[in-house]
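Step one of this worksheet: look at the structure below.
First the proteins, then the strands, lettered A, B, ... as listed; each starts at 1.
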There are 2 protein chains.
Amino acid sequence: MNSEEVKPIRILIADDHQMFIDGLKALMRREKELVVIGEVSNGNQAMQFIIQERPDLLITDVSMPGMSGIELTRWVKQHHPCVKVLVVTMYNDREIVNEILMSEAEGCILKNTGKQELLNAIKRITDDSTYYSTEVLNIMMTRLKKHKTIEKNTSVLTPREIEIVKLIMEELSSEEIAEKLFISKRTVDTHRKNILQKTNTRTIVGLLKFAIENNLTEYNSD
Amino acid sequence: MNSEEVKPIRILIADDHQMFIDGLKALMRREKELVVIGEVSNGNQAMQFIIQERPDLLITDVSMPGMSGIELTRWVKQHHPCVKVLVVTMYNDREIVNEILMSEAEGCILKNTGKQELLNAIKRITDDSTYYSTEVLNIMMTRLKKHKTIEKNTSVLTPREIEIVKLIMEELSSEEIAEKLFISKRTVDTHRKNILQKTNTRTIVGLLKFAIENNLTEYNSD
DNA sequence: TTTCTACTCGGTATTTGTACGGATTAGTCC
DNA sequence: GGACTAATCCGTACAAATACCGAGTAGAAA
């Protein structure tokens with residue numbers, strides 16, 4: 001009964017900069033429920049440690065010599081999904097953030113994060129939730145927003161033309177579209193011609209790109 | 001000097017369910033720095049109010065009779081970007097969440113959110129940050145993750161075939177591709193044939209979809 | 001050596017798309 | 001009424017893609 005009060009969270013830190021590990025430990029020292037049970041300086045050591053000790057949480061840097069933190073995260077999520085992962089990164093680069101998201105890490109924060117945010121992140125992650133810092137979210141947002149900005153191009157197309165573009169995207173030929181809309185194949189051709197002209201494209205490929213940029217198909221970025 | 005202690009946050013609530021407005025107000029009653037300066041039940045009233053009173057924060061429901069909360073948000077962000085917006089939704093539907101993100105709202109939470117999370121959200125938003133609840137984030141995540149899962153299809157294509165797919169995506173015709181690669185147009189045709197077969201598609205349209213799914217073009221969803 | 005795969009090339013025919021030209025009808029806006 | 005646009009339709013011609021058949025070579029794997 002003595003040790004039943006709070007089950008501590010067993011943490012492994014993976015980072016090739018000892019200074020950073022020390023900093024993290026300092027931030028967590030006062031928290032009784034957080035116990036750093038290991039520190040390693042590269043991905044392979046981390047894998048070994050995880051296999052043997054099964055920590056509750058892995059805090060890892062993105063860039064490490066050899067296996068990167070992202071690869072490590074992928075490995076963890078594939079082989080030990082119960083181990084939560086909080087990725088820490090120096091740069092809030094678009095591509096890196098994307099990779100982190102894809103790697104299915106439970107959270108991501110920047111290295112300059114303060115104590116309170118770090119603790120929040122750990123709390124939410126260990127509560128089976130996720131935590132992504134504001135900066136990281138902003139990157140996600142801008143990525144998603146990008147589409148929106150272009151969207152007005154669509155306005156040059158008439159409703160009928162848009163309808164046709166959508167059908168083209170469904171891999172229908174002009175003839176099939178004609179049947180479906182009860183109009184002549186010639187009409188469809190004319191629409192196509194006008195569409196290509198309005199969208200400044202020469203071939204269907206260009207048209208497809210336009211359609212995706214303008215969300216004219218359920219087939220976009222989602 | 002008397003009113004300088006804390007500048008209160010002036011809030012407008014827009015929701016067509018009075019009960020919900022009352023609930024929100026109850027949650028915020030104890031917080032001195034939060035002042036509800038207005039309540040409206042549809043988008044047009046909200047617009048009028050915002051023009052006249054310039055609240056610091058708008059809390060709005062997604063679905064309202066007439067102008068939806070999302071349209072309202074878009075209008076706010078376009079005409080009064082200083083007014084922060086927290087969108088509250090009953091459903092964590094994929095499409096709705098997408099719309100909310102696109103509308104550039106600073107935050108989004110579900111209607112069943114507890115007091116603490118609501119206050120957190122307001123705090124982060126008014127600190128020029130953003131707040132999206134865990135459930136909402138999860139939806140974003142699954143959207144982004146989807147790509148990853150499919151990605152292995154590419155392996156069925158040979159390096160040369162992938163090369164050709166990429167060139168097709170750059171709007172080159174078979175003949176142009178042949179010139180570029182110093183091979184016969186027939187060879188390109190054969191590759192095309194094999195590619196279509198391997199990818200189970202009939203036309204370039206289908207192929208393009210495949211290419212995007214498999215990141216064979218810089219042109220993907222990001 | 002044989003087998004297999006990736007890559008290469010060819011012929012013929014058909015289907016589909018694009019480029020060029022033209023036209024009519026219905027409706028809106030001034 | 002006149003100007004404009006969206007939507008409809010047609011002909012001719014060429015370009016491009018797809019379907020179908022075939023085959024040879026180089027290199028790796030068995």
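- Closest to the side chain of R186(A), out of dT8(C), dT18(C), dC10(D), is dC10(D).
- Note on T187(B): a side-chain N or O is less than 4.0 Å away from OP1 or OP2 of dC9(C).
- You'll find that the side chain of S184(A) is closest to dC9(D), out of dC21(D), dC9(D), dG17(C).
- A heavy-atom distance below 4.5 Å is found between the side chains of L110(A) and T89(A).
- The neighbour count for K180(B) NZ, taken as heavy atoms of other residues, nucleotides or ligands under 6.0 Å away, does not exceed 12.
- Closest to the side chain of R160(B), from the set dT8(C), dA7(D), dA19(C), is dT8(C).
- Side chain of I183(B), nearest nucleotide from dA19(C), dC9(C), dG21(C): dC9(C).
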How far apart are the C-alpha atoms of R74(B) and E104(B), what are their side-chain angles, what is the distance that settles it, and do they pass the side-chain contact (heavy atoms from CB on, under 4.5 Å) test? CA-CA 7 Å; R74(B) 272 198 278 264; E104(B) 314 207 26; over 6 Å; no
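- Closest to the side chain of S173(A), from the set dT16(C), dC21(D), dT18(D), is dT16(C).
- Within a 6.0 Å sphere centred on CD of Q18(B), other residues, nucleotides and ligands contribute more than 12 heavy atoms.
- The nearest heavy atom of DNA chain C to I164(B) and to K185(A) marks one nucleotide each, and the one closer to the 5' end goes with I164(B).
- Contacts of D189(A) with the nucleic acid, taken as non-hydrogen atoms under 4.0 Å apart, include base atoms.
- Contact of T190(A) with dC9(D) (side chain to base): a donor-acceptor pair of N or O atoms is detected under 3.5 Å.
- For K193(B), whose side chain is taken as the heavy atoms from C-beta onward, the closest listed nucleotide among dG17(C), dT18(D), dC21(D) is dC21(D).
- As judged by a 4.0 angstrom heavy-atom cut-off over every strand, S174(A) is placed among residues touching the sugar-phosphate backbone only.
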